[in-house]
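These notes concern the structure reproduced below.
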There are 2 protein chains.
Amino acid sequence: MPADRAPTRIQRKNRAAILEAALDVFSSHGFRGSTVDQIAKAAGLSKPNLLYYFPSKEAIFNELMAGLLDTWLDPLRALNPDGEPLEEILAYVQRKLQMSRDFPRESRLYANEIVQGAPRLHDVIASDLYVLVEEKAQLLQGWMDAGRINRAHPKHLLFSIWSLTQHYADFDAQVRTLMGDEDPFDAAPKYLETLYRRMLTPES
Amino acid sequence: MPADRAPTRIQRKNRAAILEAALDVFSSHGFRGSTVDQIAKAAGLSKPNLLYYFPSKEAIFNELMAGLLDTWLDPLRALNPDGEPLEEILAYVQRKLQMSRDFPRESRLYANEIVQGAPRLHDVIASDLYVLVEEKAQLLQGWMDAGRINRAHPKHLLFSIWSLTQHYADFDAQVRTLMGDEDPFDAAPKYLETLYRRMLTPES
DNA sequence: CTTTGATTTGACCAACTGGTCAAACTCACG
DNA sequence: CGTGAGTTTGACCAGTTGGTCAAATCAAAG
């Protein structure tokens with residue numbers, strides 16, 4: 001194990017390679033479906049060498065998750081109370097959609113965990129995410145009460161945004177097969193903009 | 001292995017118990033994350049006894065999947081070309097939502113597979129489901145061309161219905177944690193009806 | 001070049017996994 | 001009750017898995 005001095009050049013490179021490889025492997029096979037050997041090989045290391053940098057398979061996974069969650073929630077945090085409501089929400093949707101296109105492995109890693117009951121994530125969902133959702137749900141509710149967007153259950157509104165955007169990453173295999181030659185991300189931005197614009201634009 | 005005579009009473013009972021147990025285990029741990037022993041114990045059998053009824057772990061999984069896919073696609077098949085378009089679509093949404101509430105394990109089993117790249121399902125998606133989606137996408141397109149519902153990319157419309165409804169089963173762990181005491185399925189039907197009604201009702 | 005700490009690896013281990021098999025047990029039926 | 005087919009199981013096996021360890025190799029500072 002490296003001492004807790006400042007990391008050497010080799011340590012930085014190898015730890016990064018391991019996390020990158022682990023993201024690939026974990027996101028496509030889930031935690032139990034992935035083997036340390038797979039990750040090591042994908043990172044270009046031997047298994048004992050990998051375990052020289054991380055104490056266990058679970059430690060790799062946890063570090064990956066910790067790093068992921070922050071960036072994952074950033075778009076929601078960025079929802080600006082002082083902005084124009086409809087445009088804020090539409091921008092949030094597009095940001096989330098872009099993340100599905102640019103970081104599909106992260107999305108699938110998260111999905112894998114939640115589908116299996118969030119055994120390793122329950123705590124952070126019940127604390128950090130819960131608080132954030134409460135806050136943003138109240139913001140949405142305020143906008144609705146002020147008549148600036150159409151009424152809808154604010155939490156379900158958030159769920160629907162997550163669901164619709166992450167679907168393109170999580171169900172990528174299905175979506176691409178059914179779309180044939182057409183790239184799903186060509187029409188998706190416009191489809192989702194239309195959907196939320198029609199749903200949320202205040203009625204006259 | 002039982003001969004291919006008519007199944008005995010014991011065979012029927014045990015095979016059913018195995019499939020029920022397998023649905024539980026596979027849907028919460030994925031294929032690779034599940035062990036034959038787990039399934040056997042959940043079915044109240046010993047491992048060799050379970051393997052007396054099914055030749056392998058994969059055989060159990062395949063039988064489960066085959067049984068699932070048919071019922072899974074039935075609601076979409078039921079989309080009636082001769083019905084009132086908006087009501088047909090809304091009814092489809094509600095049917096799918098009910099399936100998420102009543103058969104969440106089936107939904108998660110399916111999600112697990114697709115998230116991991118649909119290795120065992122690619123063929124049936126590329127054939128049966130592809131054909132069905134093409135047919136129903138054309139039906140939707142026809143309704144739009146006739147001005148009976150608002151325009152939107154028909155395939156993305158289908159994806160959004162799947163995504164929004166299955167989310168309540170697949171991300172159940174997250175949704176329930178964030179909703180607190182409130183049952184997600186209380187407000188979900190109305191939320192989704194509102195969403196699709198606003199989006200699809202033809203503009204004057 | 002030497003030394004010292006960082007890095008890498010082959011060999012190994014115990015636990016677990018999917019699956020087999022012969023022997024034992026149970027049950028329906030004559 | 002006996003008998004043969006249907007059912008169940010303990011013991012076992014080979015392959016895989018996460019993880020360890022001592023020994024070997026490498027890199028950089030003196």
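Predicted model only: the values in this text are computed from it and were never measured. Naming convention: chains lettered A, B, ... in sequence-line order (proteins, then strands); numbering from 1 in each chain.
- Taking every side-chain heavy atom of B/N49 into account, D/dT7 is the closest of D/dT7, C/dT9, C/dT7.
- Contact between the side-chain N/O atoms of B/Y53 and the OP1/OP2 oxygens of D/dG6 is not found at any separation under 4.0 Å.
- For the residue pair A/Y110 / B/Q174, a side-chain donor-acceptor distance below 3.5 Å is found, with atom types taken as modelled.
- A distance-only check finds no donor-acceptor pair linking the side chain of B/K47 to the backbone of B/Q38 [under 3.5 Å].
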Below 3.5 Å is the cut-off: list the nitrogen or oxygen pairs between protein and nucleotides 22-28 of chain D, distance only.
residue: D/dA28; atom: OP1; partner: A/R9; partner atom: NH2; Å: 2.8

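- Between C/dT7 and A/Q11, a contact under 4.0 Å exists linking OP1 or OP2 to a side-chain N or O.
- The side-chain contact (heavy atoms from CB on, under 4.5 Å) check on B/D181 picks up nothing, with sequence neighbours excluded.
- For the residue pair A/S163 / B/S163, a side-chain donor-acceptor distance below 3.5 Å is found, with atom types taken as modelled.
- A/Y191 and B/S160 are linked by a side-chain donor-acceptor pair at a separation below 3.5 angstrom, with hydrogens and angles left out of the test.
- Geometric assessment of B/R120 against the ring of B/F31 yields a positive cation-pi assignment under the 6.0 Å and 45° thresholds.
- Judged as a ring pair (Phe, Tyr, Trp, His ring centres under 6.0 Å), and not counting sequence neighbours, the contacts of A/H153 are A/H156.
- Close to D/dT7, at under 4.0 Å from its OP1 or OP2, lies a side-chain N or O of B/Y52.
- The CG-C1' distance, from B/L50 to D/dT7, rounds to 13 Å in whole Å.
- Note on ring orientation: taking the six-membered ring where Trp is involved, the planes of A/Y168 and B/F159 are perpendicular (angle over 60°, cut-offs 30° and 60°).
- Rounded to whole angstrom, the span from the NZ atom of B/K41 across to the P atom of D/dT9 amounts to 13 Å.
- Using a 4.0 Å cut-off, some side-chain N or O of A/T8 falls inside it from OP1 or OP2 of C/dT7.
- Within residues 115-123 of chain A, no residue has any heavy atom closer than 4.0 Å to DNA chain C.
- Listed by chain and number, the residues in a side chain to side chain donor-acceptor pair (under 3.5 Å) with B/Q166 amount to none (sequence neighbours excluded).
- The nearest whole Å value for the distance from the NZ atom in A/K13 to the P atom in C/dT7 is 11 Å.
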What string of B, S and - do you get for nucleotides 11-21 of chain D, 5' to 3', if B is base contact, S is sugar-phosphate-only contact and - is no contact with any protein heavy atom under 4.0 Å? B-----SBBBB

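- Side-chain atoms of A/D145 and A/Q141 include a donor-acceptor pair closer than 3.5 Å.
- With A/R148 contributing its side chain and A/P85 its backbone, the two residues share no donor-acceptor pair below 3.5 Å.
- For A/S46, counting side-chain heavy atoms from C-beta on, the closest listed nucleotide (D/dT7, C/dA6, C/dT9) is C/dT9.
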